[in-house]
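Heads up, the thing below is written out as structure tokens.
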Amino acid sequence: MGAFLAARRAYWIDGRTVYARNVTTKAVNLGGLTRVELTVQPGRFRQVHLALQDREATITLPLALYGADRGAELDIVALRRLADALALSELISAETVSRVLVEHLRAEARGAGLMERPLFRALGRAEHHGRASRFALSEEDLVSLLDSD
């Protein structure tokens, strides 16, 4: 049943609102964010998520899924729209995540390999901290993704 529900998920952005539909539809207003976290989940299939929370709802948006030698990432138009919307937020963490997404898009435009892409390098931060389960990156971790270019 869980795999069926996961296959039925849909996410979209309309203006400054991100929507997630599973069984019900949740909406998070990016203008009223109270929390923005980039989270990584190490393991066989390593994942990068973006957690967005306003006063009414929380959405965890999958950004990338990586295997041993390849990955699947959110498409470039969606990443750019998300980065632009986060850049308008008053939260410092939203601005920093926006910068990470823009750097990721630049790396992708250059045709950079996985090791040069910030979302993939984010997985190394969990390994650096010795984490084996889902891990929220700190502000320092996010800045390190920008500095290591």
Side-chain angles (χ1 to χ4, degrees), residues 6 9-22 25-149:
R9 284 189 197 138
Y11 301 91
W12 67 97
I13 187 169
D14 185 15
R16 294 191 63 199
T17 305
V18 176
Y19 295 91
R21 184 181 66 227
N22 194 2
T25 300
K26 291 195 276 185
V28 170
N29 180 353
L30 298 178
L33 288 173
T34 58
R35 180 176 67 102
V36 176
E37 288 180 339
L38 198 61
T39 62
V40 296
Q41 184 171 342
R44 183 172 173 206
F45 296 104
R46 299 168 289 177
Q47 301 174 43
V48 181
H49 296 92
L50 179 63
L52 303 169
Q53 182 177 12
D54 65 8
R55 289 181 178 81
E56 298 174 19
T58 301
I59 291 176
T60 302
L61 179 68
L63 298 178
L65 173 69
Y66 298 105
D69 62 346
R70 67 188 73 167
E73 301 164 342
L74 196 61
D75 76 24
I76 58 173
V77 174
L79 277 176
R80 185 65 212 202
R81 290 184 68 201
L82 193 55
D84 290 345
L86 287 172
L88 298 174
S89 175
E90 294 179 10
L91 283 179
I92 292 173
S93 58
E95 170 64 26
T96 307
V97 169
S98 173
R99 289 177 48 213
V100 169
L101 295 179
V102 169
E103 283 302 314
H104 185 84
L105 289 167
R106 287 181 181 151
E108 193 169 338
R110 288 192 309 268
L114 287 180
M115 294 304 291
E116 298 175 54
R117 296 181 184 203
L119 292 181
F120 184 80
R121 287 197 322 263
L123 296 165
R125 299 307 301 168
E127 294 165 5
H128 172 76
H129 291 289
R131 302 294 178 112
S133 60
R134 187 174 283 188
F135 173 66
L137 298 177
S138 69
E139 194 74 26
E140 275 182 24
D141 292 328
L142 293 172
V143 171
S144 76
L145 296 176
L146 297 170
D147 290 342
S148 56
D149 291 334

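The CD atom of Glu95 lies 9.0 Å from the CG atom of Leu86; values are rounded to the nearest 0.5 Å. From Leu74, atom CG reaches atom CZ of Arg80 across 13.5 Å, with rounding to the nearest 0.5 Å. Taken from CG in Leu146 to CZ in Arg121, the straight-line distance is 8.0 Å, to the nearest 0.5 Å. Interatomic distance, Leu114 CG to Arg70 CZ, rounded to the nearest 0.5 Å: 10.5 Å. In this structure, Leu91 CG and Thr34 OG1 are separated by 7.5 Å, a value rounded to the nearest 0.5 Å.
Listed here is the closest heavy atom pair of Ser98 and Ala83: OG-O, 2.7 Å. Contact record, Val36 with Ser93: O-OG, 3.6 Å, taken as the closest heavy-atom pair. Ala27 and Ala57 make their closest contact through O-CB, 3.5 Å (heavy atoms, listed as atom of the first residue, atom of the second, distance). Residues Leu52 and Val18 share a closest heavy-atom pair of CD1-CG2, 4.0 Å. Taking each heavy atom of Ala85 and Leu30 in turn, the nearest pair found is CB-CD1, 3.2 Å. The minimum heavy-atom distance linking Arg16 with Leu88 is given by the pair NH2-O, 3.6 Å.
Looking only at distances, a side-chain donor or acceptor of Asp54 sits under 3.5 Å from a matching main-chain atom of Asn29. No side-chain donor-acceptor contact under 3.5 Å links Arg134 to the backbone of Gln41. Between the side chain of Ser89 and the backbone N or O of Ala94, no donor-acceptor pair lies under 3.5 Å. Proximity of a side-chain donor or acceptor of Asp75 to a complementary backbone N or O of Ala78 within less than 3.5 Å is detected. Proximity of a side-chain donor or acceptor of Lys26 to a complementary backbone N or O of Thr58 within less than 3.5 Å is detected.
When side chains are defined from C-beta on, Val48 counts as touching Leu38, because their heavy atoms get closer than 4.5 Å. Between Gln53 and Leu33 there is no side-chain heavy-atom pair separated by less than 4.5 Å. Inter-residue side-chain proximity for Glu73 and Glu108 is flagged as met; some heavy-atom pair is nearer than 4.5 Å. Ile59 is not listed as a side-chain neighbour of Leu50, based on a closest heavy-atom distance of 4.5 Å or more. Side-chain contact between Pro62 and Tyr11: present, with at least one pair of heavy atoms (C-beta onward) separated by less than 4.5 Å. Residues Asp84 and Val102 have side chains not in contact (no heavy-atom distance under 4.5 Å, counting atoms from C-beta outward). For the pair Leu137 and Val100, the minimum side-chain heavy-atom distance is 4.5 Å or more. No side-chain heavy atom of Ile13 sits less than 4.5 Å from a side-chain heavy atom of Tyr19.
Using modelled atom types, one finds no donor on one side chain facing an acceptor on the other under 3.5 Å when comparing Ser144 with Asp141. For the residue pair Thr96 and Glu139, a side-chain donor N or O sits within less than 3.5 Å of a side-chain acceptor on the partner. When only modelled atom types and interatomic distance are considered, Tyr66 and Gln47 share no side-chain donor-acceptor pair under 3.5 Å.
Salt bridge Glu37/Arg35: present, at least one basic N to carboxylate O contact under 4.0 Å. Comment: Arg117 does not engage Glu103 in a salt bridge, judged by the lack of any side-chain N to carboxylate O separation of less than 4.0 angstrom.
Each of Val40, Leu101, Val97, Thr39 was evaluated against Leu63; a single residue qualifies, Leu101, per the side chain to side chain contact (heavy atoms under 4.5 Å, CB included) test. Applying the side chain to side chain contact (heavy atoms under 4.5 Å, CB included) test between His49 and each of Thr60, Leu65, Leu61 identifies Thr60 as the sole match.
For Ile92, the CD1 atom counts as loosely surrounded, since its 6.0 Å shell holds 12 or fewer non-hydrogen atoms of other residues, nucleotides or ligands.
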Open item on the list: I'd like to know whether Met115 forms a side chain to side chain contact (heavy atoms under 4.5 Å, CB included) with Phe120, so could you lay out the CA-CA distance, the side-chain angles of the two residues, the decisive distance to 0.1 Å, and finally the verdict.
Closed with: CA-CA 6 Å; Met115 294 304 291; Phe120 184 80; 3.2 Å; yes

